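Every chain is numbered from 1, with letters handed out A, B, ... down the list of sequences. Below, all heavy atoms of this structure are taken into account, side chains as well, without hydrogens, waters or symmetry copies. As the structure is a prediction and not an experimental result, all values here were calculated from the model.
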There are 4 protein chains.
Amino acid sequence: MNKNRIEAFSDGVLAIIITIMVLEMKAPQGTTLEALRSQLPIFLSYVLSFAYLGIYWNNHHHMLHTSHFVTGGILWANLHLLFWLSLFPIGTEWMGRNHFAPIPTAAYGVILLMAAVAYWVLQATIIHSQGAASLLKKAIGNDWKGKGSPLLYLLGVAVSFRSVAMAQALYVLVALIWLIPDRRIERLLQHKE
Amino acid sequence: MNKNRIEAFSDGVLAIIITIMVLEMKAPQGTTLEALRSQLPIFLSYVLSFAYLGIYWNNHHHMLHTSHFVTGGILWANLHLLFWLSLFPIGTEWMGRNHFAPIPTAAYGVILLMAAVAYWVLQATIIHSQGAASLLKKAIGNDWKGKGSPLLYLLGVAVSFRSVAMAQALYVLVALIWLIPDRRIERLLQHKE
Amino acid sequence: MNKNRIEAFSDGVLAIIITIMVLEMKAPQGTTLEALRSQLPIFLSYVLSFAYLGIYWNNHHHMLHTSHFVTGGILWANLHLLFWLSLFPIGTEWMGRNHFAPIPTAAYGVILLMAAVAYWVLQATIIHSQGAASLLKKAIGNDWKGKGSPLLYLLGVAVSFRSVAMAQALYVLVALIWLIPDRRIERLLQHKE
Amino acid sequence: MNKNRIEAFSDGVLAIIITIMVLEMKAPQGTTLEALRSQLPIFLSYVLSFAYLGIYWNNHHHMLHTSHFVTGGILWANLHLLFWLSLFPIGTEWMGRNHFAPIPTAAYGVILLMAAVAYWVLQATIIHSQGAASLLKKAIGNDWKGKGSPLLYLLGVAVSFRSVAMAQALYVLVALIWLIPDRRIERLLQHKE
């Protein structure tokens, strides 16, 4: 079974999620600069989620690249990841429209956490399916980014109830860590070719 | 005529349907945990529909894989299936937003039923088009899952008016039966390669 | 320049249009059978538009199949067609939600007409670009379906103000004429292979 | 790393953006010709944005065609472009629904400007990645269209506060300049083949 269709389907879902988030933003009420400024929190949470989805798409792209074939387990682990990613637009809207109130901020962190766990599960499923010589296993090495992110999300969820600003800072921090593209895989693939 | 475009189009439609369902969920009103909890029935019906659409995508993927070419009949049988699948978001929302009231629950079952019938029609059209040596025909065998599911949906629709919980249990049961990926086709394809 | 990307983009737009129409339907208000029944005109106009978009996708698929390369003119003629097709969801909703009132019914006919004209323009652009030996030119023959449909749409628009039922009958009639897949092209392609 | 997936993803996002704009239009209230006429500003801004997105898709298509491989930098420059393009539906709606009021018109110009800058960044990233013999560098030549457009957008934003009509005229002017497809690249590719 080739991997073209799983890539195409994932690209489709990610493209829609990323675009649907804009629909949630809605145009400002009124035509004043004030109306525009009141949209700022929604816009900022949109930027953050857009960056996150870009990171997921980018790394998903790299990860499947290392996989030579696709099993039923990979298909379902992939759908599971897409499920949590599909909750980004709603989480983003709830957080933005309520000016980063504690519970929506924590809920956003839970969605980030579940997506990270689902990503890790997909990664483990691919590594397991490809056998001992898995290219992906070599590429990720000790995977400190993959292991550390869920902890930072958990921390973000916990501090949401004390300081929303600190929770946001944590979410932004993880995004920045990941924005550095996964050169480990890129490098390994170049060596191989 | 090759089958790439029918796969790409179906992937597109399925990806959109699966993602549009989230739009229907809408963000909770207010920022309390109570507001979040009131979204639970909508969330649960979303999970069920997401699983169903994942199952359809997965098996659709396998089914077209066994087909060597595409006829006009297959194109239309495929569009017919997509039509019923496209009603999932509305059926899901109606059922979830009304806390699994009898008529929406029955309507959801009717959509499940029609999609199953449309899937069966597509399967029969493919088998017929590929002639006596159809790989798909061998793969599905006696097809007890394909034949049994519509009966269970019908039962679900009927009991909706007596016990909504039992109807839901039936819908979940069929999803679980199908979540086991169609290894029959997978096995046969491996033998062949 | 190859034609894969124009096919992929068109498939994407058509897949989204066809699925977005459901969003317009919205779930019924209330949980009674009456609420469901009041959605019937919207559902029927959805079925009609779904069939039309299926026909366009199907024939678009065949038409591009006969084209060996893509020019800038073809790209823009294709975008022009997609523009008019993108108005289907709104036309469908306006007509359905107002129970087939005269002006929305006429407006729907105008959208059908413009899409047919755009299809004809795309067809002429492809034929012109491929030179004298155009496979498509041979395939469409005297093209009575392509020439007759705009006339029937025009008639439909005109009679909308006298009898909405007759206008609808005309729109359904054209759909039925086209539902017969364009076997002319299919046959010719088979001969060639 | 091949460029198929970046093309597919971009096509997906552009297809969705272009189609989602219609959702923003919404069906007219009432069934009179007056109701239809009141939608005219929204329709006109939709036409303008549709043309712009068509231009971007078209030139994006050409630009990636000249690129032999894809780097991490190109992926992110592409996502950055898609981000600004994803704001078109909201900018369009805000401008159209408020009958081209000054601030929404200026905001629309800012979105056009940022998209043009992002396009320029993507172009520079591709040229840089392909080395001295970059096909794209040769193709764009002195790139007066790419350099002039941002200036015209800036002018449009500035005059929005004095004359909205002049701002609109400038936006339409730039679209017309770009509607002439980038034959420079087309010609060069033909020479090469």
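- For a residue to count as touching a neighbouring chain, one of its non-hydrogen atoms must lie under 4.5 Å from one of that chain's; by this rule Leu33(C) touches chain B with backbone and side chain alike.
- Side-chain contact of Trp84(B) with His80(B): a donor-acceptor pair under 3.5 Å is present, judged by distance alone.
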For Tyr46(C) and Phe88(C), what are the C-alpha separation, side-chain angles and deciding distance, and is it a ring pair (Phe, Tyr, Trp, His ring centres under 6.0 Å)?
-> CA-CA 10 Å; Tyr46(C) 174 63; Phe88(C) 270 57; over 10 Å; no
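- Within a 6.0 Å sphere centred on CD of Gln29(C), heavy atoms belonging to other residues, nucleotides or ligands number 12 at most.
- Side-chain N or O atoms of Gln39(C) include one that pairs as donor or acceptor with a backbone N or O of Lys26(C) at under 3.5 Å.
- Of the listed residues (Ser10(C), Ala8(C), Gly30(C), Ala35(C)), the one with the most heavy-atom contacts under 4.5 Å to chain B is Gly30(C).
- Both the backbone and the side chain of Leu14(C) come within contact range of chain B, with heavy atoms under 4.5 Å apart.
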